[in-house]
Amino acid sequence: MCGIVAYIGPKEAYPILVKGLKRLEYRGYDSAGIALIQNNEIRLVKQKGKVSDLELLASETSVVGSIGIGHTRWATHGEPNQVNAHPHLNSDESIAVIHNGIIENYAALKEELQKRGYIFKSDTDTEVLVHLIDEILKIEKCSLKDAVRLALNEVSGAYAIAVISLKEPNTMIGARKGSPLILGIGENEFFIASDATPVVEYTKKVIYLKDEEMVELNRDGSFEILTIHNEAISPKIQELELKLEMIEKGGYEHFMLKEIFEQPKSIFDSIRGRIDSNEGTIKLGGLEEYKTRILNAKRIIIVSCGTSWHAGLLAEYLFEDLARVNVEVEYASEFRYRNPVIDSDDIVIAISQSGETADTLAAIEMAKQKGCLILGVCNVVGSSIPRASHAGCYTHAGPEIGVASTKAFTAQVSVLTLMALWIAERKGTMTPSEIKQILIELENIPSKIEKTLENSVDQIKDIAKKFYESRNFLYLGRGYNFPAALEGALKLKEISYIHAEGYPAAEMKHGPIALIDEEMPVVVLANNDSIHEKIINNIQEVVARKGQVIAITTANDVEINKLAKHIIEVPETVECLSPILASVPLQLLSYYIALMRGCNVDQPRNLAKSVTVE
Ligand code: M6R
């Protein structure tokens with residue numbers, strides 16, 4: 001939710017900021033803005049809409065300067081318009097602030113500031129920060145660093161901010177709590193950003209700021225990290241593993257398409273070095289330290305949101321079936337505000353692509369307070385959720401930029417399969433040969449996805465052409481493929497804005513069957529698995545009501561071929577891995593439908609990649 005980028009150094013800041021904002025646009029694209037120190041004044045350009053709209057506006061004016069801050073917004077407080085766009089300035093336009101997060105006590109602070117004569121221009125929570133800093137500077141006559149620090153002590157909520165001021169034109173301040181902030185260290189230049197993507201082409205040296213830490217950056221190349229309580233911090237400089245080509249489209253029309261096609265590699269990378277399929281063993285270094293606790297757990301609670309919640313639901317099938325552990329899968333947003341019965345023996349698995357989802361983080365904190373062991377399954381190294389977890393396993397899907405999650409989902413399912421097998425091996429709930437069979441199949445998944453991608457694109461385009469004007473879709477699946485049906489429906493609705501519902505196929509007759517008529521496309525995940533006969537019955541029920549069946553089947557399924565008008569074949573695999581293969585055509589189907597409807601595939605309306613607000 002919102003991306004921030006800032007630069008101080010010898011170069012022109014504007015091109016660096018604009019390029020950085022484009023990379024961060026996945027975090028929000030309601031409005032964008034930049035502020036630079038130019039000839040002893042703050043030059044502000046901001047615009048409703050995308051970074052490209054900002055660029056158009058900026059092309060009509062002069063934006064020169066080597067210290068500047070930039071912001072791309074996902075609106076929370078105040079509608080997405082130019083006034084509410086960041087940066088925000090104080091009244092005499094000598095201070096500029098950008099912010100990602102929510103200042104929860106902004107209303108009270110605003111009222112107080114208004115009483116003291118401050119005039120607010122926007123409806124945002126952020127504007128209180130700039131006036132607060134202004135007031136502290138005037139009263140305390142202190143440095144910008146101290147004014148920001150004292151202001152942050154007055155706010156509650158989440159923030160990642162960058163601040164510049166005309167009074168100290170060679171200094172920039174950054175700070176974070178609850179929202180991510182990374183500091184890039186170049187040759188006599190510094191970068192501040194919400195993630196590493198705006199930084200990677202300039203430097204590999206980074207510092208991940210922790211909660212309540214702030215940094216003062218100076219043009220002479222010096223910097224200081226401290227906490228908002230004024231304690232000095234010795235910086236831990238890390239080397240970025242991210243490469244520039246990983247965050248570029250690489251010839252694909254959209255990031256989403258690129259990411260769908262990257263799945264053979266992202267799954268390979270996520271399982272690499274973690275299995276020995278000859279021996280039938282699994283090595284997950286992240287779990288070893290907590291082995292006894294994990295193996296003795298009576299219950300696993302999975303917390304996550306969106307697509308990661310679907311991966312969690314699939315994990316319920318995996319952990320129960322393979323490792324014989326009790327599992328509960330919780331929407332993090334519900335779990336944190338219920339009064340759930342949590343035992344200190346419970347293990348909590350938090351699944352998140354970004355590692356920054358606010359509800360998932362809050363659910364973790366709640367479970368931690370009850371004494372649970374927290375295991376993170378995250379994609380972004382060094383993000384907040386892995387840092388808040390005791391241990392865990394990263395997915396190695398690489399950066400996922402398309403707002404609709406694709407490769408992160410299949411990587412999550414692959415890693416969760418390994419976690420279930422890791423427990424199964426150590427608890428003896430499966431025989432070595434059973435484990436070995438799944439591991440061999442898991443190693444074959446990348447090539448089977450390649451085959452699916454090679455064979456199915458044209459056919460999926462034809463199906464998309466037939467149904468892209470439909471108003472509703474139903475997605476049905478059973479067993480392991482029920483969560484994959486939910487995920488298929490989510491993909492369609494989020495990027496094409498078609499209403500789509502995922503349902504357990506057998507539940508259809510308890511309600512949704514009433515929706516079926518000749519207009520209704522019904523996508524059925526009908527792999528050749530232990531409940532194949534049952535899913536055929538469900539297809540019959542749809543056909544009898546003239547529904548348009550699009551079946552995802554394994555090759556040469558004679559019976560389904562007779563029943564379904566549209567067939568997409570995926571290779572055969574073991575039952576527990578079949579949802580990975582079935583998900584790929586569903587991703588492609590939603591991609592091509594969205595494309596034909598003229599939707600913005602990578603940046604669907606109202607959404608953001610990283611949901612750092614609750
Ligand atoms: O980063 P996370 O995995 O925690 O994000 C959770 C959801 O916000 C995310 O999966 C969202 O539902 C995606 N847009 C789905 O494609």
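In listed order, ligands and their atoms are each counted from 1.
A cation-pi arrangement is absent between Arg597 and Tyr497 under the rule of less than 6.0 angstrom and at most 45 degrees off the ring axis.
Here the side chains of Cys2 and His71 are in contact, with some heavy-atom distance below 4.5 Å.
When hydrogens are left out, the protein atom nearest atom 7 (C) of ligand 1 is Cys305 O, 3.7 Å; that is the closest non-hydrogen contact. Protein heavy atom in closest approach to atom 16 (O) of ligand 1: Glu494 OE2, 2.4 Å. For atom 11 (C) of ligand 1, the closest non-hydrogen atom on the protein side is Thr307 N, 4.2 Å.
With Lys407 as the partner, the side-chain hydrogen bond (donor to acceptor under 3.5 Å, both in side chains) test is satisfied by one option alone out of Glu262, Gln263, Glu259: Glu262. Of the residues listed (Glu400, Lys609, Lys491, Glu494), the one engaging Ser405 in a side-chain hydrogen bond (donor to acceptor under 3.5 Å, both in side chains) is Glu400, and it is the only one.
The N/O atoms of Ser352, backbone and side chain alike, include one that comes under 3.5 Å of an N/O atom in ligand 1. The distance criterion of under 3.5 Å between nitrogen or oxygen atoms is met by Ser354 with respect to ligand 1.
Distances shorter than 4.0 angstrom do not occur between any heavy atom of Ser610 and any atom of ligand 1. Taking a 4.0 Å cut-off on heavy atoms, Val403 registers as neighbouring ligand 1. The shortest heavy-atom distance from Leu607 to ligand 1 is not under 4.0 Å.
Contacts of Glu356 with ligand 1, taken as heavy-atom pairs under 4.0 Å, are absent altogether.
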